[in-house]
Amino acid sequence: MTRRKVDRGARLSRIIALRVSDSYYNRMQEMVAKSNCQTVGELARRILYHEKVNWYHVDARLESTAVELAAIKRELNAMGRNINQITHHFHG
């Protein structure tokens with residue numbers, strides 16, 4: 001399978017060097033972890049182009065509820081499997 005051809009105008013061909021402090025770089029790395037960007041360079045491009053960056057937020061209060069719901073779902077699946085096995089045994 002060959003690589004898809006990229007329009008010459010859309011290709012990233014120019015290099016712009018930018019120096020930032022260590023604290024700001026660390027802050028950008030934290031932003032990358034909480035956003036839909038894969039690298040610091042991609043985050044910088046999106047900020048520079050004024051493109052939309054999606055931020056992900058995890059609510060710690062709902063984490064315990066999600067764990068409990070997952071356990072309940074697992075138990076219900078096990079019960080359903082048992083009912084199916086019993087039904088299969090009586091039909092057979």
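Heads up: numbering here begins at 1 and tracks the sequence. Keep in mind that what you see is a predicted model, and the values were worked out from it rather than measured.
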Side chain to side chain donor-acceptor pair (under 3.5 Å) against Thr65, all qualifying residues, sequence neighbours excluded: none

Side-chain hydrophobic cluster, 4.5 Å single linkage: members besides Leu69: none

Connected hydrophobic set around Met28, excluding itself, where side chains approach under 4.5 Å: Leu18, Val20, Tyr24, Tyr25, Met31, Val32, Val40, Leu43, Ile47, Val53, Trp55

CA sep, side-chain torsions, deciding dist, call: Lys34, Glu30, salt bridge (Lys or Arg N to Asp or Glu O under 4.0 Å): CA-CA 6 Å; Lys34 296 177 183 176; Glu30 290 173 8; 5.4 Å; no

Spatial distance of atom SG (Cys37) from atom CZ (Arg45) [nearest 0.5 Å]: 9.0 Å

Side chain to side chain contact (heavy atoms under 4.5 Å, CB included) partners of Arg61, counting only residues at least two apart: Asp59

Flag, side chain of Asn36 to backbone of Asn54, donor-acceptor distance under 3.5 Å: yes

Gln38, CD atom: more than 12 neighbouring heavy atoms under 6.0 Å: no

Whether over 12 other heavy atoms sit under 6.0 Å from Ile16 CD1: no

Spacing of Ser21 atom OG and Arg27 atom CZ [to the nearest 0.5 Å]: 9.0 Å

For Glu68, all residues meeting side chain to side chain contact (heavy atoms under 4.5 Å, CB included), sequence neighbours excluded: none

Set of side chain to side chain contact (heavy atoms under 4.5 Å, CB included) partners for Asn77, sequence neighbours left out: Lys73, Arg81

Shortest non-hydrogen contact between Arg46 and Lys52, atoms and distance: NH1-O, 3.3 Å

